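The model shown is predicted, which means the values in this text are computed figures rather than measured ones. Along the sequence shown, residues carry numbers from 1.
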Amino acid sequence: MNAPMSRLPKWDEYDVEALLTPEAIAPGKWRTRYGDANNNGRSYGGQLLGQAMMAALMDVPRDRPPTMMQFLFLQGAMPDQPLDFTVTPLQDGKRFSSRHVRAVQAGRTVLDAQVTCALPLDAPAHADLSPAPLGEHPLDLPDLAGLDLALRRGLERLGGYSKNHKPSVEFRIPDAVRQLSAATATERFRYWMKARGPLPDNARIHAAAFAFFSDWWLNFSSLSMHLRDIGPRKLYISSLNHAIWLHHPVRADEWLHVEAVSPCAISGRGLSVARFHDLQGRFVASGTQECLMAYVD
């Protein structure tokens, strides 16, 4: 008989650095020390994104910041069991380094990802302006737990969005009544987020933390406009794939404005496309996510 898998200690839900920093177990191999559960008792998707990013960055020279991660959620992971990551070099050129990342839990492959890092180059540049209204500041907005209870209960039909609070995340929704109400929600959704506490001055930690937080509410734009149509039925929601492009090094413990738009949802799959700007209006990252969104019954 196989020996039972060891259980991870419970994460305190605040120490993002501890959650995302793996233990080295062999060259190119890393093991998680903590897990972060979602409402369904599985690992929160952002946990897997952040840990995969950190595993890849541990194998890349520090002077090459991450520019891209493409990620497949293959099977659900259990947050109380360790994940073993294998990092394989794909490219080490004059300017680019790329790594393949795969994680296994109890013999099951749960994720597959590719991460690219690159030296900054002297080149032409342009960027979209922030869609946040001039003068809007997230600290002037209520957090989700402070919103009307009836408004929050309406979100319970959308599976994972019944969770009103994530201790590690500061989260604010502008014009929340309009954006979250069934009668007025659209395929466009914007919000502010950051780490609740300060993070070390370590670019790897901030990149991994950004990957971790990038999963938080990103796919809501695929779901929100359907609140008016689904009636009493409930949806099962699960992330299928995710990608982020980092245009600038990101400070994950400083406010980021996110605007997500869903151009399409069909046959149980919804696509969301996001732009991330910092508080100064700088366009720091882009992201996409495709999610499974299907009726439970």
Side-chain angles (χ1 to χ4, degrees), residues 8-9 11-37 43-74 77 79 81-92 96-105 109-118 166 168-169 193-216 239 242-246 248-254 256 276 284-285 287:
L8 295 175
W11 182 48
D12 68 4
E13 296 194 70
Y14 287 95
D15 191 345
V16 175
E17 180 184 11
L19 174 71
L20 300 181
T21 304
E23 172 191 5
I25 56 175
K29 294 185 180 295
W30 311 87
R31 179 168 294 157
T32 56
R33 300 187 295 149
Y34 299 97
D36 181 20
S43 294
Y44 163 57
Q47 171 207 321
L48 306 181
L49 292 164
Q51 290 172 341
M53 175 68 84
M54 180 59 81
L57 296 182
M58 302 287 272
D59 196 59
V60 174
R62 285 184 177 270
D63 64 347
R64 298 189 175 195
T67 60
M68 180 279 294
M69 178 166 69
Q70 295 177 328
F71 188 102
L72 289 174
F73 296 95
L74 298 176
Q81 298 177 13
L83 284 161
D84 286 346
F85 286 84
T86 299
V87 179
T88 305
L90 298 175
Q91 177 189 25
D92 279 304
F96 292 90
S97 294
S98 297
R99 296 293 184 267
H100 174 259
V101 184
R102 179 166 290 169
V104 174
Q105 185 180 76
T109 301
V110 300
L111 67 87
D112 197 90
Q114 293 187 20
V115 175
T116 293
C117 303
K166 191 170 186 62
S168 59
V169 185
M193 67 176 184
K194 74 177 187 70
R196 186 169 297 276
L199 296 173
D201 192 17
N202 180 323
R204 288 177 171 175
I205 294 293
H206 283 273
F210 172 72
F212 171 63
F213 294 132
S214 71
D215 187 51
W216 185 243
S239 301
H242 191 103
I244 53 177
W245 293 264
L246 295 103
H248 292 279
V250 176
R251 291 284 313 190
D253 56 2
E254 296 180 357
L256 295 172
F276 299 81
V284 296

For the student: nearest non-hydrogen atoms of D215 and S239, plus distance: OD1-OG, 3.6 Å
Out of the candidates W30, F85, Y34, only one should pair with P22 under the side-chain contact (heavy atoms from CB on, under 4.5 Å) rule; please name it. W30
Taking S43 for the side chain and A77 for the main chain, is one N or O donor matched with an acceptor at less than 3.5 Å? yes
What pair of heavy atoms forms the shortest contact from S97 to V60, and how long is it? CB-CG1, 4.0 Å
Is it true that, when you exclude D63 itself, more than 12 heavy atoms of the residues, nucleotides or ligands shown sit nearer than 6.0 Å to its CG? yes
Distance check, rounded to the nearest 0.5 Å: I25 atom CD1 versus D84 atom CG? 4.5 Å
Quick check for you: to the nearest 0.5 Å, what is the distance between Y44 atom OH and S168 atom OG? 7.5 Å
Nearest 0.5 Å, please: how far is CZ in F213 from CG in L256? 9.5 Å
Short N-O contact, R99 and D92, less than 4.0 angstrom: yes
With side chains defined as the heavy atoms from C-beta onward, is the minimum distance between Q51 and L19 less than 4.5 Å? yes
Looking at every heavy atom in both F71 and A52, which two are closest together, and how far apart are they? CE1-CB, 3.8 Å
Could you check whether any side-chain N or O of Q105 sits under 3.5 Å from a backbone N or O of Q81, counting only pairs where one atom can act as donor and the other as acceptor? yes
Specify the closest pair of heavy atoms between L8 and G35, including all atoms of both residues, with the distance to one decimal. CD1-N, 4.1 Å
About how many Å separate CG of L20 and CZ of R204, when rounded to the nearest 0.5 Å? 14.0 Å
To the nearest 0.5 Å, what is the distance between NZ on K166 and CG on D36? 3.5 Å
On a heavy-atom basis, the closest approach of A207 and P66 is CB-CG, 3.6 Å
With the side chain counted from C-beta on, respond yes when L48 and L83 share a heavy-atom pair under 4.5 Å apart, and no when they do not. yes
Passes salt bridge (Lys or Arg N to Asp or Glu O under 4.0 Å), K29 versus D59? Steps please. CA-CA 10 Å; K29 294 185 180 295; D59 196 59; over 6 Å; no
Could you go through L111 and L74, starting from their C-alpha distance and side-chain angles, then the distance that decides it, and tell me whether this counts as side chain to side chain contact (heavy atoms under 4.5 Å, CB included)? CA-CA 5 Å; L111 67 87; L74 298 176; 5.6 Å; no
Roughly how far, to the nearest 0.5 Å, is CG of L57 from CZ of R62? 9.5 Å
Between D112 and H100, a side-chain donor and acceptor under 3.5 Å: yes
Nearest heavy atoms of M54 and T21, plus distance in Å: CG-CA, 4.3 Å
Main-chain N/O of T116 paired with T67 side-chain donor or acceptor, under 3.5 Å: yes
Taking the side chain as C-beta and beyond, is there a heavy-atom pair between P249 and H206 under 4.5 Å? no
Non-hydrogen side-chain atoms of L246 and F210 separated by less than 4.5 Å: yes
